[in-house]
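Before any comments, here is the structure.
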Amino acid sequence: MPAVTRRQFVSRSALAVTGASVGPRLAAATQPDPAELQARPPLIISTWPFGKPANDAALAVLLRGGSGLDAVEQGIRVTESDPDNASVGLGGIPNADGVVQLDACIMSGPGHRAGSVAAVSGFRHPISIARRVMETTRHVMLVGEGAEAFAAEAGFERGPRVSPKQKAAWQRWKKEQAAQAKAAGKHPNHDTIALLVLRADGAVFGGCSTSGWGYKIPGRVGDSPILGSGLYVDDEVGAAGATGVGENVMRHCGSFLVVELMRQGLHPQEACLEAIRRMARKDPLGFNLSVNFIALDRQGRFGAAGTGTGFQYAVTCESFSRVLQSPGLTSADIGPVGGNRK
Ligand code: ASP
């Protein structure tokens, strides 16, 4: 099994700081070997630089004696509340009809419980609705109108179905870009907050929230609310979360794959890298999958990786809270890929 050596970490870091091909505004970040950072649980990691304030909120919850699920929910609510975040919450880019449809899920290692909602519009905090599905129903996932009726009945905070800023952008898109974007197969920026929590006692929790692919076909659901794709938590092993093109994560059950690789003994960093190698080897898209993973294990080890130049993720514990650069993978790392081209 190929491993990324310390030397490769160092040699890639100069390239990696140039940033990922799909992603939000990037921070100045370094790419230290996660094994060399002394991170003691409670430990929180999340996707992208916008995950840092979410991590900080989650840590504060834990230090106040809150539960692991409270930490996940309160952390992700910070990102969902940011009106300037164009890919999470109601500030997100709408679908092709001009309506923001949100996806989210939450998972508890203890009890192996999960809740999820997809294609929900008009509510500010899909992560909280997902938690309520988990805690008060016999179901795991609610979608669309049913999820909205459930949220309305439960009294969740409503919000506009699209922000004024995104509505104006959508109107421009409708006029100027639709035909062009379709022809080129392009899709506007999209990202996700996936946030993983390791409690001091080793219990693991996670959550995920996104507005998904901008200007998507109404009803499109990505990987984020799909357990095993955008998020997976196994209390015996650890947790993983994803961001990137959801269609590509889903076809490989990406987060489940990362957790299973950790179960086989891989460090979380190496599990993320190996998951991408495995996906790229068999996928017709090869390393153009545009997928990124974060992971942590019960021992308090963590890591991340992405296709291309990698991506940035936030790591928070009592002694530091930082944005780090993940290593990236290209075809140069393992030669020809995408073997199943048919
Ligand atoms: N994975 C998300 C989706 O496909 C978007 C992202 O994280 O970039 O909906």
Inset, instruction - Go through the steps to decide whether Arg278 and Leu257 satisfy the test side chain to side chain contact (heavy atoms under 4.5 Å, CB included), and finish with yes or no. - result: CA-CA 9 Å; Arg278 229 167 98 166; Leu257 176 58; 3.4 Å; yes
Legend entry - Atom pair CG (Asp234) and CZ (Phe256), whose distance is rounded to the nearest 0.5 Å: 8.0 Å
Legend entry - His267 side chain to Gln269 backbone, donor-acceptor under 3.5 Å: yes
Inset, instruction - Please confirm whether Trp48 and Phe311 have ring centers closer than 6.0 angstrom. - result: yes
Legend entry - Lys/Arg-Asp/Glu bridge criterion (N-O < 4.0 Å) met for Arg132, Glu135: no
Legend entry - Pairs touching residues 92-122 that satisfy ring pair (Phe, Tyr, Trp, His ring centres under 6.0 Å), sequence neighbours left out: His112-Tyr232
Legend entry - Common cluster, Leu102/Ile127, ILVMFWY with side-chain heavy-atom separation under 4.5 Å: no
Inset, instruction - Without swapping roles, check the side chain of Asp235 against the backbone of Val204 for a donor-acceptor pair under 3.5 Å. - result: yes
Inset, instruction - Look up atom CD1 in Ile45 and atom CG in Leu198, then write down how far apart they are to the nearest 0.5 Å. - result: 9.5 Å
Inset, instruction - Quick one: do Val88 and Phe50 satisfy side chain to side chain contact (heavy atoms under 4.5 Å, CB included)? Show the steps, please. - result: CA-CA 10 Å; Val88 179; Phe50 60 56; 4.2 Å; yes
Legend entry - Sub-4.5 Å side-chain heavy-atom contact between Arg298 and Val237: no
Legend entry - Sidechain-backbone polar pair: Asp103 side chain, Ser224 backbone, donor-acceptor under 3.5 Å: no
Inset, instruction - May I ask you to test the Leu261-Glu270 pair for a side-chain heavy-atom distance under 4.5 Å? - result: no
Inset, instruction - Look at the side-chain heavy atoms of Ile, Leu, Val, Met, Phe, Trp and Tyr, link any pair under 4.5 Å apart, and say whether Phe123 and Val221 land in one connected group. - result: no
Legend entry - Whether over 12 other heavy atoms sit under 6.0 Å from Gln299 CD: yes
Legend entry - Asn55 and Thr316 side chains, donor-acceptor separation under 3.5 Å: yes
Inset, instruction - Taking Ser87 for its side chain and His190 for its backbone only, find out whether a donor-acceptor pair lies under 3.5 Å. - result: no
Inset, instruction - Would you mind reporting whether Arg281 and Arg277 have side-chain heavy atoms less than 4.5 Å apart? - result: yes
Inset, instruction - Examine distances only and state if a side-chain atom of Asn85 and a backbone atom of Gly91 form a donor-acceptor pair shorter than 3.5 Å. - result: no
Inset, instruction - Say whether Val140 and Val133 are linked into one hydrophobic cluster, either directly or through other cluster members, by side-chain heavy-atom distances under 4.5 angstrom. - result: no
Inset, instruction - Identify whether Val78 and Ile76 are in the same connected component of the hydrophobic contact network (ILVMFWY, side-chain heavy atoms under 4.5 Å). - result: no
Legend entry - Between OG on residue Ser326 and CG on residue Leu273, distance to nearest 0.5 Å: 8.0 Å
Inset, instruction - Using a 4.5 Å cut-off on heavy atoms from C-beta on, say whether the side chain of Ile106 contacts that of Val72. - result: yes
Inset, instruction - May I ask you to test the Tyr215-Asp97 pair for a side-chain heavy-atom distance under 4.5 Å? - result: no
Inset, instruction - Kindly give the heavy-atom pair with the smallest separation between Leu227 and Cys105, and that separation in Å. - result: CD2-SG, 4.0 Å
Inset, instruction - Apply the test side chain to side chain contact (heavy atoms under 4.5 Å, CB included) to residues Ile276 and Phe293: give CA-CA distance (whole Å), side-chain angles for both, the deciding distance (0.1 Å), then the verdict. - result: CA-CA 9 Å; Ile276 293 171; Phe293 295 104; 3.8 Å; yes
Inset, instruction - State whether the side chain of Thr47 and the backbone N or O of Thr192 hold a donor-acceptor pair below 3.5 Å, judged by distance alone. - result: yes
Legend entry - Minimum-distance pair of heavy atoms, taken over all atoms of Leu196 and Ala239: CD1-O, 3.5 Å
Inset, instruction - Please confirm whether the backbone N or O of Arg124 pairs with a side-chain atom of Arg158, one donor and one acceptor, at under 3.5 Å? - result: no
Inset, instruction - May I ask you to decide whether Glu80 forms a salt bridge with Arg77, counting only side-chain N to carboxylate O separations under 4.0 Å? - result: no
Legend entry - Salt bridge present between Glu247 and Arg220 (N-O < 4.0 angstrom): yes
Inset, instruction - Measure the spacing between OG of Ser255 and CG of Asp223 and express it to the nearest 0.5 Å. - result: 7.0 Å
Legend entry - Arg251 to Asp283 - nearest heavy-atom pair and separation: NH1-OD2, 2.7 Å
Legend entry - Check: Arg199 and Leu62 side chains under 4.5 Å, non-hydrogen atoms: yes
Inset, instruction - With side chain to side chain contact (heavy atoms under 4.5 Å, CB included) as the test, would you mind laying out the steps for Ser116 and Met107 before giving the verdict? - result: CA-CA 9 Å; Ser116 168; Met107 205 165 172; over 6 Å; no
Inset, instruction - Please answer whether the main-chain N or O of Pro94 pairs with a side-chain N or O of Gln166 as donor and acceptor at a distance below 3.5 Å. - result: no
Legend entry - Side chains of Phe150 and Thr136 in contact at under 4.5 Å (non-hydrogen atoms): yes
Inset, instruction - Determine whether Val143 and Ile226 fall in the same hydrophobic cluster, where Ile, Leu, Val, Met, Phe, Trp and Tyr are linked whenever their side-chain heavy atoms lie under 4.5 Å apart. - result: yes
Legend entry - Salt-bridge contact Arg131-Asp70 (side-chain N to carboxylate O under 4.0 Å): yes
Legend entry - Reported CZ-to-OG1 distance for the pair Phe287 and Thr330, which is rounded to 0.5 angstrom: 7.0 Å
Inset, instruction - Indicate yes or no for a side-chain donor-acceptor contact from Glu148 to the backbone of Gly122 under 3.5 Å, with no hydrogens or angles considered. - result: no
Inset, instruction - Give a yes or no on whether the backbone of Thr243 and the side-chain of Asn292 come within a donor-acceptor separation of less than 3.5 Å. - result: yes
Legend entry - Contact summary for Leu231 and Cys208, nearest pair of heavy atoms: CB-CB, 4.3 Å
Inset, instruction - Mark yes when over 12 heavy atoms from residues, nucleotides or ligands other than Arg40 sit less than 6.0 Å from its CZ; otherwise mark no. - result: no
Inset, instruction - Calculate, to the nearest 0.5 Å, the distance between atoms CD and CG belonging to Gln101 and Leu90 respectively. - result: 11.5 Å
Legend entry - Shortest non-hydrogen contact from Ala118 toward Met141: CB-CE, 3.8 Å
Inset, instruction - Kindly give the heavy-atom pair with the smallest separation between Ala271 and Met262, and that separation in Å. - result: CB-CG, 3.6 Å
Legend entry - Heavy-atom side-chain proximity of Pro110 to Phe205 below 4.5 angstrom: yes
